[in-house]
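Here's the structure, in structure tokens; my notes come after.
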Amino acid sequence: MDTFGVVVVAAGRGTRMGTAESKQYLPLGGKPILVHTLETFERMAEASEIVLVVGAGEMERCLDYAVEYGLRKVRVVAGGAERQHSVRAGLKALGAEVEWVLVHDAVRPFAEPAHIIACWQEAVAHGAAVLAVQVKDTIKVVDEGGIIRSTPDRRTLWAIQTPQAFRRPLLEKAHAAAERDGVLGTDDAMLVERLGQPVRVVQSDYTNIKITTPDDLAWAQWYGERNRERESE
Ligand SMILES: Nc1ccn([C@@H]2O[C@H](COP(=O)(O)OP(=O)(O)OP(=O)(O)O)[C@@H](O)[C@H]2O)c(=O)n1
Ligand SMILES: C[C@](O)(CO)[C@H](O)COP(=O)(O)O
């Protein structure tokens, strides 16, 4: 109950970033993006182990990073074709004693430890929880012809982030059911939701972005630099 295991998924290709190098390996303040993400969990006493899921051809490079950056909790495994397959591979590699699992995107390097703990604690209390922020824009449902069909009440809309925290057997059951039913979800909460199990939302920061496109990377460079300046003051 007093620790959790972490699955950090990093086996994507980053097609929307459009760089030759997969985005999780691009430099941010002199280190690969995924190293910043791993360091956050490495420093947290509550994180007992970290399974890093990477492309099959990147395992050696990531093992080298673990040594270079002193990431002693990190083990590296190969991922799959879709994010969901990568999470499943990570889940299988977690130690048998791990009861609570946090799934996190390698390309979210700004998750705050206080929010990570809050998310985990909410899962401990209720079984499943995710970090999220309320949307700031007005969101429309638009049909294929470009016509607005509805405007959902903004007070009910949240942009979902990671980490996403679960009691391990619940997440394993959700993944097994999704595979059996041929369902692919864009996050893990969705797979738990379809079992009819409640997933709680925990308020996060807008700064816990997923670095997806070049403008995200530019913002991350600026934000990382600003944080480093503040730390050195
Ligand atoms: N087969 C996959 C696909 C994605 N991911 C990981 O899931 C996270 C969130 O996915 P996303 O931002 O969509 O990354 P990519 O799939 O790499 O991006 P794109 O969709 O632009 O190709 C990333 O850390 C990514 O590496 C993964 O581990 N395995
Ligand atoms: C899991 C996630 O980061 C929550 O916002 C997101 O759903 C991943 O989606 P993507 O399709 O891989 O960008």
Side-chain angles (χ1 to χ4, degrees), residues 6-26 28 32-41 50-59 61-62 65 74-94 101-111 115-116 119 123 128-137 139 157-166 171 174-175 178-179 183-194 199-217 219-220:
V6 189
V7 173
V8 173
V9 283
R13 267 296 300 118
T15 43
R16 287 170 286 181
M17 184 60 73
T19 46
E21 177 82 293
S22 297
K23 62 186 176 178
Q24 56 274 31
Y25 301 107
L26 297 175
L28 187 64
I33 289 171
L34 93 171
V35 170
H36 290 276
T37 305
L38 294 168
E39 283 180 341
T40 297
F41 292 101
I50 304 166
V51 173
L52 173 63
V53 188
V54 303
E58 309 291 356
M59 292 187 62
R61 175 214 304 233
C62 289
Y65 286 154
V74 170
R75 278 181 300 118
V76 184
V77 302
E82 301 291 342
R83 184 185 183 282
Q84 187 171 311
H85 303 139
S86 297
V87 174
R88 195 134 197 234
L91 265 177
K92 284 186 181 149
L94 280 172
V101 184
L102 268 62
V103 180
H104 190 58
D105 295 327
V107 290
R108 288 190 192 268
F110 301 124
H115 290 139
I116 295 171
C119 185
V130 301
L131 288 189
V133 286
Q134 287 201 272
V135 301
K136 294 189 265 190
D137 294 324
I139 306 291
L157 297 175
W158 293 72
I160 301 303
Q161 305 176 343
T162 68
Q164 302 194 345
F166 307 92
L171 186 58
H175 271 266
E179 186 170 291
V183 168
L184 266 186
T186 52
D187 74 347
D188 298 282
M190 195 176 145
L191 309 186
V192 172
E193 291 158 39
R194 56 185 295 281
V199 181
R200 310 276 297 199
V201 159
V202 175
Q203 178 87 47
S204 178
D205 280 329
Y206 291 93
T207 50
N208 180 23
I209 66 160
K210 181 161 73 66
I211 300 176
T212 305
T213 53
D215 54 320
D216 295 329
L217 184 61
W219 182 87

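Counting convention: from 1, in listed order, for ligands and their atoms alike. Predicted model only: the values in this text are computed from it and were never measured. Hydrogens, waters and symmetry mates are skipped; everything else that's a heavy atom, side chains included, is used.
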Nearest-0.5 Å distance, CG of residue L171 to CZ of residue R88 | 9.5 Å
Pull out every atom of ligand 1 sitting under 4.0 Å from any heavy atom of V107, numbered as shown with elements.
-> 23 (C), 24 (O)
Which residue from S86, A106, A11, G14 reaches closest to atom 18 (O) of ligand 1 through any of its heavy atoms?
-> G14
Q161 side-chain N/O to A111 backbone N/O, donor-acceptor pair under 3.5 Å | no
When rounded to the nearest 0.5 angstrom, what distance separates CD in E39 from CG in L34?
-> 10.0 Å
Non-hydrogen atoms of K23 versus ligand 1: any pair closer than 4.0 Å?
-> yes
Polar pairs, ligand 2 vs protein, N/O only, below 3.5 Å.
| residue | atom | partner | partner atom | Å |
| --- | --- | --- | --- | --- |
| ligand 2 | 3 (O) | D105 | OD2 | 2.6 |
| ligand 2 | 3 (O) | R108 | NH2 | 2.9 |
| ligand 2 | 5 (O) | R108 | NH2 | 2.9 |
| ligand 2 | 5 (O) | I160 | O | 2.5 |
| ligand 2 | 7 (O) | T186 | O | 2.9 |
| ligand 2 | 13 (O) | R16 | NH2 | 2.9 |
| ligand 2 | 13 (O) | K210 | NZ | 2.6 |

Side-chain donor/acceptor of Q24 to backbone N/O of G12, under 3.5 Å | yes
To the nearest 0.5 Å, tell me how far C62 SG sits from Y25 OH.
-> 3.5 Å
Short N or O distance, T212 and ligand 1, threshold 3.5 Å exclusive = no
With heavy atoms and a 4.0 Å threshold, my read on which part of E82 contacts ligand 1 is backbone
closest protein heavy atom to atom 1 (N) of ligand 1 is G80 O, 2.9 Å
Candidates D215, T213, I209 - the one meeting side-chain contact (heavy atoms from CB on, under 4.5 Å) with I211 = I209
Could you find the nearest protein heavy atom to atom 4 (C) of ligand 1 and give me its residue, atom name and distance?
-> G12 CA, 3.5 Å
How far is atom 24 (O) of ligand 1 from its nearest protein heavy atom, and which residue and atom name does that atom have?
-> V9 O, 2.8 Å
What distance separates H175 NE2 from H85 NE2, expressed to the nearest 0.5 Å?
-> 10.0 Å
In terms of residue, atom name and distance, what is the protein heavy atom nearest to atom 9 (C) of ligand 1?
-> D105 OD1, 3.5 Å
Heavy-atom nearest neighbour in the protein, as seen from atom 19 (P) of ligand 1, with distance rounded to 0.1 Å | T15 OG1, 3.3 Å
Interatomic distance, OG1@T37 vs CG@D105, rounded to 0.5 Å, equals 9.0 Å
Between V77 and K92, does a side-chain contact (heavy atoms from CB on, under 4.5 Å) hold up when you go through it step by step?
-> CA-CA 10 Å; V77 302; K92 284 186 181 149; over 6 Å; no
With the threshold set at 4.0 Å, does a side-chain nitrogen-carboxylate oxygen contact exist between D187 and R83?
-> no
Options Q84, M17, K210, R16, ranked by nearest heavy atom to atom 21 (O) of ligand 1, top entry = R16
Spell out, as yes or no, whether a donor-acceptor pair under 3.5 Å connects the side chain of T212 to the backbone of K210.
-> yes
Test item, G79 contacting ligand 1 (heavy atom, 4.0 angstrom) = no
Looking only at heavy atoms, is any part of A81 under 4.0 Å from ligand 1, and if so is it the side chain, the backbone, or both, or is it neither?
-> backbone
Which value, rounded to the nearest 0.5 Å, describes the distance between T162 atom OG1 and R108 atom CZ?
-> 4.5 Å
